Enquirer: 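Below are the structure tokens for one structure; questions will follow.
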Amino acid sequence: MLVFLWLVVPGPWPITGGLAPRVFAHYFWGVESTLYRPAPDQPLAFSHVTHAGALEINCAFCHRTVEKEETASVPAVEQCIFCHKIISGTGDAAVAEVQKLRDAFQEEKPLNWVRVHRLPDHVQFVHEPHIRFFAQQDPAAPLEATCATCHGDVKTMTKVKQVRSLKMGDCVNCHKDYNAPTDCAACHY
Amino acid sequence: MVQERPKHKWTMVVDIDRCSGCQACVVACQAENNITINEQRDFLQRRAKEWIRIERYWEAIDPSKPAEFPNVKARFIPIMCQQCDNAPCEPVCPVYATYHNNEGLNVQVYNRCVGTRYCANNCPYQVRFFNFWEPVWPESLRNQLNPDVTVRSRGIMEKCTFCVQRLSRARRTIEGRRGKRITDESMTEENLMPACVMACPTGALVFGDREDPKSRVNELLKEHDPRQAKSVAARGYRVLEDLTTEPNVVYLKKVDPHLKKVKAHA
Amino acid sequence: MGVTRRRFLTMAGVSAMGAVIFGGCRVPDREVLIQSPARLPEDLVTGIDNWYASTCHQCPAGCGILVRVMEGRAKKIEGNPDHPLNHDPVLHMSKTCARGQAGVQLLYHPDRIQGPMRRDRATGELLPISWEEARAELVGRLRELRDRGASDTVLVVTEPLRGHLGLLAREFVKAYGGQHMAFEALEETVLREAVKRVFDQDRLPDLDLANAEYVISFGSGFLETWLSPVRYGVAYGHLRQGREAKRGYFVQVEPRLSATGANADDWVYVKPGMEGLLALSMAYVIVSQGLGDQEASRLLTRGQGAQYLAAYRPQDVAGAIGTTPEKIEELALDFAAKRPSLAIGGGSAAAHTNGLFNLTAIYSLNYLVGSVGQRGGILFNPAPPVAGLPVAEGRVPFDRWQELTGRLASGKPRPVNLVVFRGANPVHSLPQALGFADALKNVPFIVSFSTMMDETAAMADLILPEHTYLEDWGDDLPEPGPGYEVVSYQQPVVRPFHNTHSFGDELIMVAKELGGSLAQAMPWNSFKEVLQAGARKLFELNRGSVTAPDFDSFWRGVLQRGGWWDTARRGLARPLPKPLPVREDPQFTAGEYHLLPFASISLTEGRGAALPWLQATPDPMTTAVWQTWAEISLEDARKLGVSEGDFLEITSSNGTSLEAPAYPNPAAPPGIIAMPLGQGHSSLGRYAENRGVNTFMLLQPATEKETKALAWAATRVTVRNTGRRSRISKFEGSVRVEALHEVEIVRVTKG
């Protein structure tokens with residue numbers, strides 16, 4: 001009974017709760033998404049489904065530096081307010097969340113999001129060349145498709161979740177596929 | 001679709017005739033590379049970390065007498081990782097944490113390193129430093145840390161990287177974004193020369209790409225490298241050359257007008 | 001050179017909060033979070049670095065710097081490639097020194113004073129207060145003294161001020177009726193006076209080392225800390241290898257082998273204080289052999305020729321100088337033949353009772369070889385582009401500090417009721433024999449604007465911490481300048497890290513609150529306004545490196561470039577030679593050994609001691625770090641039976657004594673003890689406190705005969721081996737260097 005539970009019941013903990021079936025799935029069927037920790041709760045119930053999905057806002061509209069520099073950057077509260085000065089949201093839940101945002105802006109309080117994609121310190125990942133590379137590969141492809149390579153189909157996620165392992169093997173495989181540098185010093189320094 | 005990436009061969013030329021031993025490079029390096037503060041304890045235990053250091057030698061003016069006032073001179077020589085093409089540190093690493101890349105850099109991969117210290121033991125130049133302690137800074141000083149450089153944790157080896165983070169930035173901004181070749185000028189203009197080179201007041205440290213025919217290092221090597229120039233005035237040499245480590249740092253000898261004999265290169 | 005040749009930025013918006021910081025292997029909490037700042041500042045983009053041009057304030061040279069700012073945090077300092085002072089015209093980059101590099105550590109020093117504090121009279125404790133309260137307290141005291149007619153008992157002590165801050169202090173003190181004194185531990189009073197006498201110049205000249213063929217330097221550590229070491233370092237590189245098939249020859253004349261001397265082709269030992277006599281003897285050789293410029297030879301010798309200098313024949317004076325007649329002759333002949341040649345002097349040569357004689361004799365040599373106002377020689381600096389801008393506001397020689405100490409101690413002729421200290425630490429850097437610290441205790445109210453809790457601030461009743469130079473506005477007229485008009489600008493590159501204010505702003509606010517004539521004399525609202533008013537005058541000149549159609553563009557332009565300069569406006573003075581001075585010998589007190597203090601290459605006279613990078617910077621000659629040591633010759637070490645690390649008790653002729661570990665230095669001449677300055681702080685943050693000894697304490701308060709500057713190299717000491725020992729912390733020996741060959745040297749024939 002216990003063994004059965006251990007194998008089957010998925011849980012947020014790393015060692016117990018369904019690790020075995022997940023690893024199994026990962027190796028044999030390439031079902032990667034099951035491996036990673038569940039989407040964390042954020043201080044604000046921001047929904048990519050609404051913004052990126054329904055409203056079709058371009059990724060780089062909010063993540064302003066993704067095409068220019070190292071990090072994609074999370075937008076400043078002020079930037080959200082550009083629109084949410086006017087848009088208050090539909091439905092009580094949405095209105096409450098937008099109010100939280102407006103309060104934060106009023107009080108000049110930064111929002112502390114829980115990081116979803118985190119690379120270790122010894123990895124120097126830079127967004128800009130990756131975006132540039134894919135843009136050169138297929139100039140017609142929308143930015144969204146490029147981002148989805150690593151981040152998955154964010155516009156369908158109510159809460160953002162990691163969908164790729166983003167471990168070194170993952171990076172290196174992709175670098176090999178695209179003939180990108182596989183020199184250690186490309187990322188580790 | 002295979003893109004041809006430009007080739008580089010990073011090289012440093014150190015003109016000892018210019019070096020004044022002022023230590024600007026030493027502090028510039030520590031400011032750039034998140035080297036932990038060398039406390040007095042570290043010096044007393046001989047565990048201080050200086051990726052680039054200035055060595056001072058006492059020397060007798062008349063070698064037949066002891067080097068003591070007034071028969072004494074002092075000489076300075078900056079020593080940093082020589083980025084050997086045939087590096088003695090590389091084959092001894094059991095986990096391949098140090099290897100040679102195709103740009104002539106001897107790379108230390110921090111996340112592979114397990115701290116056996118074999119490499120430091122095998123380095124004839126003594127330029128590898130071990131982290132004997134957790135890296136700690138008072139909270140406010142952490143604001144200065146360079147986000148482009150990994151902070152090395154306890155138990156791993158570190159050494160001069162030729163400021164690979166700046167080279168990487170140069171590759172991204174100059175080659176990648178602007179599609180131009182990395183040259184001396186473009187690196188200087190973007191403040192992307194290694195930190196010691198940017199700081200060195202006397203211009204004793206010269207850094208550049210040997211694959212770039214117009215680079216200053218190439219000019220200096222053409223004039224001074226004994227492998228290229230046969231003139232008596234050629235001052236180039238490599239430290240501990242007879243160990244066949246093939247360093248990528250070339251030194252230009254000090255000129256001393258008081259030594260009467262002309263010594264041609266062997 | 002276009003204005004935006006590089007990515008220079010003006011301070012467009014406010015910089016921001018919250019930097020992401022890397023930790024060790026564990027994941028710190030802050031990394032699990034990712035922050036949306038409330039506001040959208042222009043320069044807060046994670047991963048993008050912005051470079052702001054500013055001016056270094058780590059030493060009085062005033063080099064142009066670029067500061068790399070990421071996410072509102074200053075990360076790294078480089079030279080400002082446009083700035084004429086530290087610019088390398090061949091490499092197209094500007095250079096910095098070890099001290100300049102460490103500026104970011106001052107900004108983020110863990111022991112900075114975080115906000116205003118007032119001393120509780122009852123407990124003696126410093127308690128935090130608000131800026132308003134602090135200012136009210138200061139204004140109240142100033143008002144009370146003024147109303148009592150005692151405004152002349154208020155004293156403002158600063159470092160020598162340049163540019164508009166100097167102007168502001170001048171206005172303030174004048175309108176209030178107080179007194180301003182600028183303190184400089186290793187003062188250049190003697191050099192200034194010598195330049196004035198020899199060249200009729202008020203400003204220090206530029207030294208064209210880069211184009212010289214032969215340089216003879218008497219005691220000036222121009223590759224270490226003397227005047228403008230980065231500028232001289234760049235020039236030194238060119239002197240050596242910057243020209244086709246030509247290598248400049250460099251001789252250093254000094255009683256101790258300094259790091260500068262170690263770079264010389266020839267180090268000539270002279271007895272302390274005998275530099276000027278050597279210069280006169282060289283002049284004799286040149287004049288008697290007719291090798292000098294005729295007109296100059298005539299004027300320098302009152303038309304008497306070699307006869308005028310007959311007392312300085314090498315064979316007669318070599319013994320007194322401590323060298324051989326042949327050496328003097330060799331130096332003189334080389335100096336006369338290898339033109340352009342340059343003779344400079346300073347440092348310990350100036351710090352004797354006969355310092356002015358030494359320097360006037362040395363600098364006069366330049367007339368003999370026609371190097372005055374010529375390429376490869378002494379180049380003059382023009383007057384500031386805007387009339388009345390001070391280059392050394394309030395500078396007073398040492399005897400005024402003696403006088404002040406007497407006044408503080410006795411209360412006569414007038415007591416001192418209030419002292420304001422800013423950027424000066426006389427409690428540390430005045431000789432202990434003076435008793436300044438004790439006398440200061442008689443002052444009823446002491447105010448300090450210090451960023452760090454230095455010894456002087458530790459005695460203060462009210463502390464109003466000012467910004468560091470990376471957080472504050474300012475301007476600067478580099479002294480010495482590069483030979484033409486330069487005004488450097490300093491802008492805040494980051495938001496204030498602590499609750500600190502600008503000293504200039506506070507002076508203006510205090511003046512406003514005091515009202516009356518003082519408020520009228522200082523009609524501005526902030527120091528930035530004063531700077532802009534000054535910049536407007538530069539704008540109206542409509543020439544130089546930045547010209548613009550309107551003032552706003554001009555202001556942005558000077559901030560982007562880090563300053564304004566006009567290479568067309570050079571110092572064109574052609575002074576006439578004046579008769580050479582007559583021999584004067586230095587006077588010393590009794591004592592077996594001569595004490596030669598020297599400015600540490602990283603800590604200078606002590607201001608760098610707070611910064612751990614500078615503490616850990618090896619002294620070039622001994623590689624010693626984090627402490628004070630005493631250099632002693634091998635011969636004396638054998639005599640006293642000391643080896644490295646043995647503590648020596650060094651007792652000055654005035655009775656003060658210190659203990660420091662011995663460093664037997666192979667290059668040290670017998671009879672000389674050399675000790676670095678800079679350590680021995682009782683208060684200056686965790687990295688400086690209770691470390692080493694304060695060499696200033698040993699100094700005899702002797703003064704230079706005419707200028708009354710402190711003769712800091714005129715002290716003699718006795719030395720005793722205490723028998724205790726400890727290891728000297730030094731870098732030498734940290735690595736197995738015996739594996740390395742000696743530095744290889746090209747052997748070429750002399751000539």
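Every chain is numbered from 1 and lettered A, B, ... according to where its sequence line falls, protein lines coming before strand lines. These numbers were taken from a predicted model, which means no experiment stands behind them.
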Enquirer: Counting only non-hydrogen atoms closer than 4.5 Å, does Asp15(B) touch chain C with its backbone (N, CA, C, O), its side chain (CB onward), both, or neither?
Expert: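 Contact with chain C is through the side chain of Asp15(B) alone.
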Enquirer: Let's test your reading of the structure: which of Thr617(C), Thr260(C), Thr623(C) forms the most heavy-atom pairs below 4.5 Å with chain B?
Expert: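 Ranked by contacts with chain B, first place is Thr617(C).
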Enquirer: Using non-hydrogen atoms only, which part of Ser602(C) is less than 4.5 Å away from chain B: side chain, backbone, both, or neither?
Expert: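 For Ser602(C), neither part sits under 4.5 Å from chain B.
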Enquirer: Top residue by heavy-atom pair count (under 4.5 Å) with chain C, among Arg216(B), Glu68(B), Glu185(B), Arg152(B)?
Expert: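 Maximum pair count with chain C is reached by Glu68(B).
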Enquirer: Can you see whether Phe129(B) has Lys159(B) sitting over its ring - NZ or CZ less than 6.0 Å from the centre and within 45° of the normal?
Expert: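 No, Lys159(B) does not sit over the ring of Phe129(B).
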Enquirer: Checking Tyr687(C) against His109(C) for the ring pair (Phe, Tyr, Trp, His ring centres under 6.0 Å) test, could you report, in this order, the C-alpha distance in whole Å, the side-chain angles of both residues, the deciding distance, and whether it holds?
Expert: CA-CA 10 Å; Tyr687(C) 299 108; His109(C) 196 288; 5.6 Å; yes
Enquirer: I need the residue from Pro669(C), Ala668(C), Cys97(C) with the largest number of non-hydrogen atom pairs under 4.5 Å to chain B.
Expert: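 When all of Pro669(C), Ala668(C), Cys97(C) are compared, Pro669(C) has the most.
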Enquirer: Please rank Gln105(C), Arg240(C), Arg727(C) by heavy-atom pairs under 4.5 Å with chain B and give me the top one.
Expert: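 Most heavy-atom pairs within the cutoff with chain B belong to Arg727(C).
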Enquirer: Check the pair Lys76(C), Asn191(B) against side chain to side chain donor-acceptor pair (under 3.5 Å), reporting the backbone distance first and the verdict last.
Expert: CA-CA 11 Å; Lys76(C) 181 81 179 27; Asn191(B) 294 313; over 6 Å; no
Enquirer: Sort out for me which of Ile601(C), Val625(C), Asp619(C) touches chain B most, counting heavy-atom pairs under 4.5 Å.
Expert: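 Greatest number of close heavy-atom pairs with chain B: Val625(C).
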Enquirer: Pick one: which of Arg172(B), Arg169(B), Arg166(B), Arg178(B) meets salt bridge (charged side-chain N to carboxylate O under 4.0 Å, His left out) with Glu190(B)?
Expert: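 It is Arg178(B); the other options fail the test.
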Enquirer: Of the backbone (N, CA, C, O) and the side chain (C-beta and beyond), which part of Cys25(B) lies under 4.5 Å from a heavy atom of chain C, both, or neither?
Expert: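 For Cys25(B), neither part sits under 4.5 Å from chain C.
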Enquirer: At a heavy-atom distance under 4.5 Å, which candidate from Arg46(B), Arg18(B), Arg41(B), Lys73(B) has the highest pair count against chain C?
Expert: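 When all of Arg46(B), Arg18(B), Arg41(B), Lys73(B) are compared, Arg18(B) has the most.
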Enquirer: Is Ala199(B) close to chain C through its backbone or its side chain, or both, or neither, when contacts mean heavy atoms under 4.5 Å?
Expert: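 Its backbone and side chain both get close to chain C.
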Enquirer: Report the C-alpha distance between Glu224(C) and Phe222(C) in whole Å, list the side-chain angles of each, state the deciding distance to 0.1 Å, and finish with yes or no for side chain to side chain contact (heavy atoms under 4.5 Å, CB included).
Expert: CA-CA 5 Å; Glu224(C) 295 159 85; Phe222(C) 66 89; over 6 Å; no
Enquirer: Below 4.5 Å, heavy-atom pairs only: which of Asn86(C), Val230(C), Asp265(C), Leu223(C) has the largest tally toward chain B?
Expert: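 Option with the greatest count: Asp265(C).
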Enquirer: For the residue pair Arg47(B) and Trp133(B), would you count it as a cation-pi contact if the rule is NZ or CZ under 6.0 angstrom from the ring centre and within 45 degrees of the ring axis?
Expert: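 Geometry flag: set, cation within 6.0 Å and 45°.
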Enquirer: Relative to Phe130(B), does Arg117(B) satisfy both conditions: NZ or CZ under 6.0 angstrom from the six-membered ring centre, and within 45 degrees of the ring's axis?
Expert: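 That pair qualifies as a cation-pi contact.
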Enquirer: Need one label for Val136(B): side chain, backbone, both or neither, based on atoms under 4.5 Å from any heavy atom in chain C.
Expert: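 Contact with chain C is absent: no heavy atom of Val136(B) under 4.5 Å.
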Enquirer: Regarding Arg73(C) and Glu71(C), does a basic nitrogen lie under 4.0 Å from an acidic carboxylate oxygen?
Expert: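 Judged by the 4.0 Å cut-off on N to carboxylate O distance, Arg73(C) and Glu71(C) do not form a salt bridge.
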Enquirer: Under 4.5 Å from any heavy atom of chain B, what part of Arg691(C) do you find: side chain, backbone, both or neither?
Expert: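 Side chain only.
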Enquirer: Looking at Val90(C), Leu91(C), Ile728(C), which has the largest count of heavy-atom pairs under 4.5 Å with chain B?
Expert: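 The candidate making the most pairs under 4.5 Å is Leu91(C).
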Enquirer: Under 6.0 Å between the ring centres of Tyr269(C) and Phe69(B)?
Expert: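 Ring centres of Phe69(B) and Tyr269(C) closer than 6.0 Å.
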Enquirer: Is it the backbone or the side chain of Ile37(B) that comes under 4.5 Å from a heavy atom of chain C, or both, or neither?
Expert: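 Contact with chain C: side chain only.
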